[in-house]
Amino acid sequence: MVLASTDNKQIALIDGNNFYVSCERVFNPQLWDKPVVVLSNNDGCAVARSNEVKALGIKMGEPWFKMRALAQQHGIIALSSNYALYGDMSQRMMRILSGFGNEQEIYSIDESFLDLSLHGRQATEIGIQIRQEIARQLALPVGVGIGASKTLAKLANHVAKKRPPYQGVCNFNDMTPAERNAIMASIDIGEVWGVGSRSAARLRNMGITHVLALAQADPRLLRRHFSVVMERIIHELRGIPCLELEEVTPPRQRIQASRSFSAPVYTLEILMEAVARFIRIASQRLRQQQGVAAALHLFIRTNPFREQDRQYAQGITIALPAASNDELLFTRLARLALPRIYRPGYAYYKAGVQLLAIEAAEKQQADLFSVAQTRQRSQALMHTLDQLRQRFGAGIIRSAAENPTPYWQSRANNRSPRYTSRWEELPVAHAG
DNA sequence: GCTAAATTCAGAC
DNA sequence: CTAACGGTCTGAATTTAGC
């Protein structure tokens, strides 16, 4: 295995430590030294954990009710998720990062790839500066991993966060092959980007237990046993990039809005209320990306975790006569389609909507044909809808099918204020 | 028996 | 008081449908 050490690309992966928890801590000093967990929608599962919580053995994705006893015992603070806050902090972080490299891929709400190749051997120093700058401006802790490929950058990021001597910055390009191999030999296969639990188990069965063994495995053989994805991972681990930085976020190919309910739903009417809401959410996002969808998918299901209940899950896909982004049209179609999958007598716990076969909305052009006129009216109506909602809030106008205060609405029993985006939610210091 | 479409799988966060 | 387990998205592989 040969790794050119001088002309390697310097691909960095920067990500926030315990990102949601860290965002909450920025605005609430009382959380600084306490075990804190942020829960998913409906206060269901742990989606972010402070180090103190990780130390207690609470796993990512663990359901809240299962950790209640432990939480009580150790004074864990459980917060509902506040995506408005995290999204805003994320934007600020990404903007700062963009100043440090000449190519950036925003990979997720708390992760960004950055090409630091222009800094050459100074890349590690830049990594240190990045940490300092994000801490100074946003008070967020981040880890920086650097390597010759995205997969190596990811792995280096893992080392940066897990091994204290690195102090949050690790650059594989700085190491000799022997040093790099020693580290790879000490990391479990499951830590590799793209190796999930299934593949990890199968790799272990083949005797491949640590990262070095995977890097040294035969790519063609593993392609046969797994897929082209595994073959690429091997090359990436060897420092041969197979994955490009994707600077422009491609438009979504499908848009989904779904929620599990806080209480069981039995009736068609209430399911329709939920579906109407999801259509509003999904179609707003569709219009935001200036897309139109040619198909609409609805689904409803019971709670698979309640094994004592009768189970039912069904979906239906409706092809539209022409691609559209008209949420009132979607809602009319859903009203026709939903009864076809609804069965009485079940305790429904989740419903959702997908917009499929999305394409770019064509340019509007004046046309005398009535079809075009109808479409134009719909476009104008949707535009007005979007404007109103932007100015006065999403609640200002909605389809009659939607219930503004549904009883199944997700639990969020401990949501923090939207500090960065709502003045009225800022806590006020009272005089006296 | 082929290709295209639909569905499932696996993974990420 | 009791029951309580996320949401979105993608690419590749696999299966099925249509010829």
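Quick note on labels: first sequence line is chain A, next is B, and so on, each numbered from 1.
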Heavy atoms only, 4.0 Å cut-off, all strands: where does [X] land among base, sugar-phosphate and nothing?
| X | answer |
| --- | --- |
| A:Asn303 | sugar-phosphate |
| A:Trp64 | nothing |
| A:Val38 | nothing |

Quiz item: What parts of residues 343-360 of chain A reach DNA chain C, counting only heavy atoms under 4.0 Å away?
Solution: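 Under 4.0 Å from DNA chain C: A:Tyr349, A:Lys350.
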
Quiz item: Charged N to carboxylate O under 4.0 angstrom, A:Lys161 versus A:Asp15?
Solution: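 Salt bridge flag = yes for A:Asp15 with A:Lys161.
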
Relative to the ring of [Y], is the ring of [X] parallel (under 30°), tilted (30 to 60°) or perpendicular (over 60°)?
| X | Y | value |
| --- | --- | --- |
| A:Tyr312 | A:Tyr346 | parallel |
| A:Phe113 | A:Trp193 | tilted |
| A:Phe27 | A:Tyr419 | parallel |

Quiz item: For C:dT8, does either OP1 or OP2 sit under 4.0 Å from a side-chain N or O belonging to A:Ser258?
Solution: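 Checking C:dT8 against A:Ser258, a side-chain N or O does come within under 4.0 Å of OP1 or OP2.
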
Quiz item: Has A:Ser260 got a side-chain N or O lying under 4.0 Å from the OP1 or OP2 atom of C:dG6?
Solution: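 Answer is yes, contact under 4.0 Å.
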
Tell me: [atom1] of [X] to [atom2] of [N], nearest whole Å?
| X | N | atom1 | atom2 | answer |
| --- | --- | --- | --- | --- |
| A:Asn42 | C:dT8 | CG | P | 12 Å |
| A:Phe278 | C:dG7 | CZ | P | 8 Å |
| A:Met230 | B:dA12 | CE | C1' | 14 Å |
| A:His297 | C:dG7 | NE2 | C1' | 15 Å |
| A:Asp309 | C:dA3 | CG | P | 12 Å |
| A:His225 | B:dA10 | NE2 | C1' | 18 Å |
| A:Leu203 | B:dG11 | CG | C1' | 14 Å |
| A:Ile316 | B:dA6 | CD1 | C1' | 16 Å |

Self-check item: B:dG11 and C:dG6, which share atom name C1', separated by this distance in whole Å
Solution: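 These two C1' atoms come out 16 Å apart once rounded.
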
Self-check item: 5' precedence on DNA chain C between A:Arg259 and A:Phe65 (nearest-nucleotide basis)
Solution: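 Looking at DNA chain C, the more 5' nearest nucleotide goes with A:Phe65.
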
Quiz item: How close do A:Glu359 and A:Ala294 get, heavy atom to heavy atom, and via which atoms?
Solution: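 Residues A:Glu359 and A:Ala294, closest heavy atoms: OE2-CB, 4.4 Å.
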
Quiz item: What pair of heavy atoms forms the shortest contact from A:Gln167 to A:Arg131, and how long is it?
Solution: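 Scanning both residues, the minimum pair turns out to be O-NH1, 3.0 Å.
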
Quiz item: Which nucleotides of nucleotides 9-19 of chain C have their base under 4.0 Å from a protein heavy atom (B), which only their sugar-phosphate (S), and which neither (-), written as one string 5' to 3'?
Solution: SBSSS------

Quiz item: Checking A:Arg301 against A:Tyr348: charged group under 6.0 Å from the ring centre and within 45 degrees of the axis?
Solution: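 The answer is no, since A:Arg301 fails at least one limit relative to A:Tyr348.
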
Practice problem: Would you verify whether the NZ or CZ of A:Lys350 falls within 45 degrees of the ring axis of A:Phe261 while also being under 6.0 Å from that six-membered ring's centre? | Solution: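 Checked: cation-pi criterion not met.
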
Quiz item: Given that both pair distances must be under 3.5 Å and the pair must be Watson-Crick or G-U, what runs of three or more consecutive pairs involve DNA chain C?
Solution: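 If one scans DNA chain C for consecutive Watson-Crick or G-U pairs, the stems found are B:1-13 with C:7-19.
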
Practice problem: With the side chain of A:Pro63 defined as its heavy atoms from C-beta on, choose the nearest nucleotide among C:dC5, B:dA12, C:dG6. | Solution: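 Closest nucleotide to the A:Pro63 side chain: C:dC5.
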
Exercise. Give the intermediate values and the outcome of side-chain hydrogen bond (donor to acceptor under 3.5 Å, both in side chains) for residues A:Ser117 and A:Gln10.
Key: CA-CA 5 Å; A:Ser117 300; A:Gln10 305 269 9; over 6 Å; no

Quiz item: Considering residues, nucleotides and ligands other than A:Glu424, do more than 12 of their heavy atoms fall under 6.0 Å from its CD?
Solution: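 Counting neighbours around CD of A:Glu424, more than 12 heavy atoms of other residues, nucleotides or ligands fall under 6.0 Å, so yes.
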
Self-check item: Heavy atoms of other groups near A:Gln390 CD, more than 12 under 6.0 Å
Solution: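 No.
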
Quiz item: Without hydrogens or angle criteria, can the side chains of A:Asp174 and A:Thr124 be said to hold a donor-acceptor pair below 3.5 Å?
Solution: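 Side-chain D/A pair, A:Asp174 to A:Thr124: present.
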
